[in-house]
Structure formats: structure tokens, C-alpha cells
Amino acid sequence: MSTTNQMSGGSNVGRRIYRVDPSSALASAWKVAGGIGLLGAVGAAFGFVRAHDRFAYSYLFAFFAVLTLALGFLFFVLIQHLTGAGWSVTVRRLAEFFMSGLVIFPVLAIPLLLSTASLFPWMSHRGAEHGESAPAEEHHSALDFLVRDANAAPPAPPSQPAVPAMRHGGGSKAFAEELEQAEHAEHAEILHGKLGYLNRGFFYTRAVAYFAFWCWISITLFRLSTEQDKTKKLENTVKAQRLAPVATILFGLTLTFAAIDWTMALEPLWYSTMYGVYAFAAGVVAMFALLTLVALAFRRSGLMGNAITAEHFHDLGKLTFGFLIFWAYITFSQFFLVWYSNIPEELTYYHRRWPVHGGAWKVISLALFFVKFVIPFLVLLSRNVKRHTVLLAIGAAIIVVMHVVEMYWVVMPNYASGAFAPNWLDLACLLTVGGLYLAVVLRNMTAHSLIPVGDPRLERAEHFQNA
Amino acid sequence: MSSSMHPRSERPATRQPVLLLAEYSTTSHVVHAAEKVRDAGYSHWDTHTPFPIHGMDSAMGLKDSRIGWIVLVMGVLGLATGLSMYLYMNEFNYPIVVGGKPPGALPAAVPVYFELTVLFSAFGAVFGMLHLNRLPRHNHPIFESDRFRAASDDKFFVSIEACDPKFNLESTRNLLESTHPSAVELIEEKEAHSCSH
């Protein structure tokens, strides 16, 4: 048993104190995580200088994979306050630790924001806001590389004859060229229409706004909660609950636009109206899976005493399971609409990730269905599994690993030719972002109680039962 | 129901015991009573409370409900129905290209597989629940007791049916008396009540 009360004052008289023992391995784990992060950063910095384009994509993948998780934890904390949930009090602090790691993301974003020229082709288009001033011809040349991109992607699928052939029975070559040029102009037109949103100044302004909101809300909620450990004041709970509704709305908006800005805009001709929900679903299901794993690990270590029971794991399992189905529903819906309408501009996204570049992306696409959805679905289906730990941990671990794979699948097909070509920089960047983020999280774990001991609903949460 | 509405009570000679009913005024009493009845090894008995009581499942020694398995089987059946219906119709019976999709393209009918899975599962859940609860049934001897009406208000009950192999009018009554009930009542009927399971 490694709990100790050396670190706290006398305020917790008669109650168990959930603290990380300062002499235990966990207490110095943040240094290990930080060290791994710095080691990764050395590699990433090398990549930044020597292979900047590749670095940009690797870093975006790592950044987005960890950020969606961290935002998932913010969502969890917000929803607990929004609903005034009592059951989750004993696991809420764990989520708050992972939420508190959001403060390092403005720092982690610097390499990303310095690499936008490699990632977003539209960044280099200057004067986009004043479209009228430039003649149409110039736009064509400026946007040429984007349009080429779109045209290189799918000719029509085999079951569907190419458009000119269909219209002109064999068709003249001249007409096909004419048509291609017309499409070319049309694509340029579409892109031009988007440049009011997709331009350098507005992009950076939005990024600053996202980080400002995320840092402010996570710092505030974390402070309200940890302060309550000592003061035991009800008003901290009330304040957090008052913040929750507006913050939840802002969370939805910032996450949606951040997903659009940082990953959907990699392919500016393509769009999906449910992209923000997709990023949300992916982040939240991975968060619930990770929260389950962390809670299982902490209970196993004995640090949590009896505060987290089978009832809590049952609920975490239900939420993981529910959001897994939500993720599958959203992901499939996005694919389904694109696949069914069969319009080349929309198909590019899945075309890149399916037949174009050989087997690997296709295998990952299938794995997202079978490994990320079907297997955990079957594992987590039973009530007994959710209440017993080994299978629950296996199901949750699969989801977390597949989340990282999925984010790789989201970002990487946009790099260069889009071929599947893993690079050591992918790992270096993942270690950088993941390591530094975890260092903040683990550091906070050693500095605060592992359970919100000042929350008035703690007693109820400890004895909570599923009906 | 007033007492004048019990014509059978005028022919006590032909009546047979069907049920022993014990009434409790607190949840902890009824939970402890349930534990005692469970430990005594009864199988045809039940508790009746106005609201769910935490811990009652284990106090009664109830195993997991079989409803989950019924729903699972029905769900798989629904999925199989959706898949085979689509594949048979679209690939073999009347292959037709719609919107450039080859016949038998699986994603096209995913909403159908999904809906049929849900529909069959829901039927399984509702009708399976009715079956496991042996419903619908028109009446139960327990409703002979006026006292029992408080089961949906402020009283808690344990009932042991006479068809239980362990049932013995005297010893079962003694068992119930030992659990601090506020009342114990014997319910009788003209014909012997047969347990249906």
C-alpha cells in the first residue's frame, strides 16, 4: 500500500488520503515521460531541419492524435459538471489530470504552426481575401497544384464509365480535354470561394482562439476541483457547474473548427459536413477507453483503495461501448454518403485511403472497421465483461491503439504521393508530443490527490450502484 | 375490493394454501428476509417492493437474467436476415445496377442490416421479457390479499408459493415470522395453484 499522508496538511482527518507516494516510481514517472519527450524532440528537431515536409506531416499526426484524446478528457469533465453527475466523482480527478495536460499544447503547437506551408497548399496563396483584384487567369496558376491534386485522384470507379465516353459514345479527344479544362476552372473557382476562410491570417487567429479557450477552461476547472480538496467548499462545485453549459458549447465549436483547420484543410477541395463530429467521436471513444485503462491500473496499484468499484467500471465500460457505436455510426455515415453519391470531388478522400496506393491504406481502412469496431464491440457487449477487468482492459487497449492508427490514416495519405511509407519521424514526433503531454499529466498526479476528496458527492460516488 | 366481493371465503372447507405473504415496513428488513429465504433453499418465491432496492439481486441469489442471450440471438438473426435478404435479392434474384454500385455491394444496405438487427433485438427484449416474467397472465393469487396493495406504495413483501418443494405451512410460516415482518398472511384458493415452471 503506497498511500501516504506525508504531503498533506491535517485537513483530511479521519478520511483516507489518495496520494502518490513521493518515494514511489510513479512520483518520478513524469521525469521519465518528459525525458522520452525531449529525446523524441531531438529526433523531431533533426527532422524539422533535414526533412521538413515529412516532419510536418509526422508532427501533425502525433499532435492531432494526442490532442483529440486530451480534448476528450476535457469533454468528460465538462459533461460531469453539466449533468451534476455523482457516480463519476471517484474517477473524475483522473480525467482532470489528463485534461490539465492541455496547457502544454500551445507550446507543442509551435512546430506545427511553423510548418503550415508544408501542410496546407492554400497557405501560400497571398491576397486571397481580395480576390477581385487579381485576374482570373492568375488564380488558375496559383491554384494549379491543388487542382492537379484533385484531378490525379479517382477517375470514375470501374463500374462507371468515364463521363465523356458516356456522353459522346467514344468521345473526341478534344472534347475530353475541353471538359477537363472546364473542371479545372471549376475547381479553381471552388477553391477561390474557400480562401476567405482558408488563409494565413485567419488560420492563425483561430488557432490562438482555440488554445486560449482550451487552456482557460482546463486551468479553471482543474483549479476549482483541486482547490476544493482543501477548502471542501460547495461553491467550487457550483462554479464549475455554472461554467459547464457555455463551455460545452464553446468546446463543440472549437473542436469542430480545429478539426477542419488542421486535418480537413489538408485536402482543401474535399469537405465533409460531419468532419467535426467525426473528430469528436474518435477523441471521445479513445478517451473513455484510456480512462478505463488508467482507472484499472490505479485500482490495481492500490492507490485508489475501494473508491473505484466494479460499478464504476461497469459505467465506464458502458460509455466506452456506447461511444464506440457512436464513432462507428459517424465514421460509416461519412463514408456511406461519399461512397453512395459517387462524385469524384468527394471520393478523393476515400480513394486515397483505399485503392490508389496499394494495400496498406486499404488494410488500415478495413482494420478500422474490424479491429477498432467489431472486435471491441463483441468484447464489450456483455455486462459481465464490463464489470470484470481483464477483458475490459483488452477491449479498451485495442481502442486506444487503433485511435493512434486512425489518426495516422487521417493525416498521412495527404503526404507527397500519399503512399504508405512509415518513417522514424512518425515515432519521434509521437514520442515528443505524447511524452511531454504525459509529463504534465503525471506531474499533476504527484502534486494533487488522486480523488476529489473535497467533493460533497464523494461519499455517494463511493457507494454508487447500477440499478 | 371490499370483503363482500370474496364469495370463495364462504366455502373454507375446499380451500388450499397457495401462498405465504410476509409484509415489512423497511427495506433493510425485506433484504434480510430475502437473504434468509434464499439461504433456506426456496426456489418458488419472490419479493415485491414499490421501488428497486440496491443489493436485492444478490440478497435473493438471483443469477443474471437470460434476457441478454435472447436479445443477442435475435440481434444476430436480424443481422443475418438483413444481409441475406439484400444479397439474395440484389445479387441473385434480380441483380440491378443502381447509382453505379455493382449488384450485391455490401455497404449499400448497411442501414437495412442495422435496422433489422435493432428491430429483432427489440422484439427479443420485449417479448423475451414477457416470456421470462410469464406474462401476460390475468390474475395471480397474491392479489387476493388487500394488504398487498401497499406493495406499490409504502410496504415491502416476501411471498413463498405453496408449490415450492420446500414449502411446509408450519415451518415456512415460522421462517417468515423469524424475519421480523409486520404481518404474515396465508392466501388460499379453491383449487390448488400450479406453478408454471
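Heavy-atom basis, side chains included; hydrogens, waters and symmetry copies ignored. So that the names make sense, note that chain A is the first sequence line, chain B the second, and so on, each numbered from 1.
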At a 4.5 Å cut-off on heavy atoms, which part of B/I53 comes close to chain A: side chain, backbone, both, or neither?
neither
Under the 3.5 angstrom rule, does the side chain of B/N90 hit a backbone N or O of B/Y86 as a donor-acceptor pair?
no
Heavy-atom contact with chain A under 4.5 Å, split by part of B/D57
neither
Would you verify whether the NZ or CZ of A/R353 falls within 45 degrees of the ring axis of A/Y349 while also being under 6.0 Å from that six-membered ring's centre?
yes
Chain B heavy atoms under 4.5 Å from A/Y340: which part of the residue, side chain, backbone, both or neither?
both
Answer yes or no on whether A/K386 is positioned over the face of A/F321, meaning its NZ or CZ is under 6.0 Å from the six-membered ring centre and within 45° of the axis.
yes
Assess whether atom NZ of B/K166 is packed by more than 12 heavy atoms of other residues, nucleotides or ligands within 6.0 Å.
no
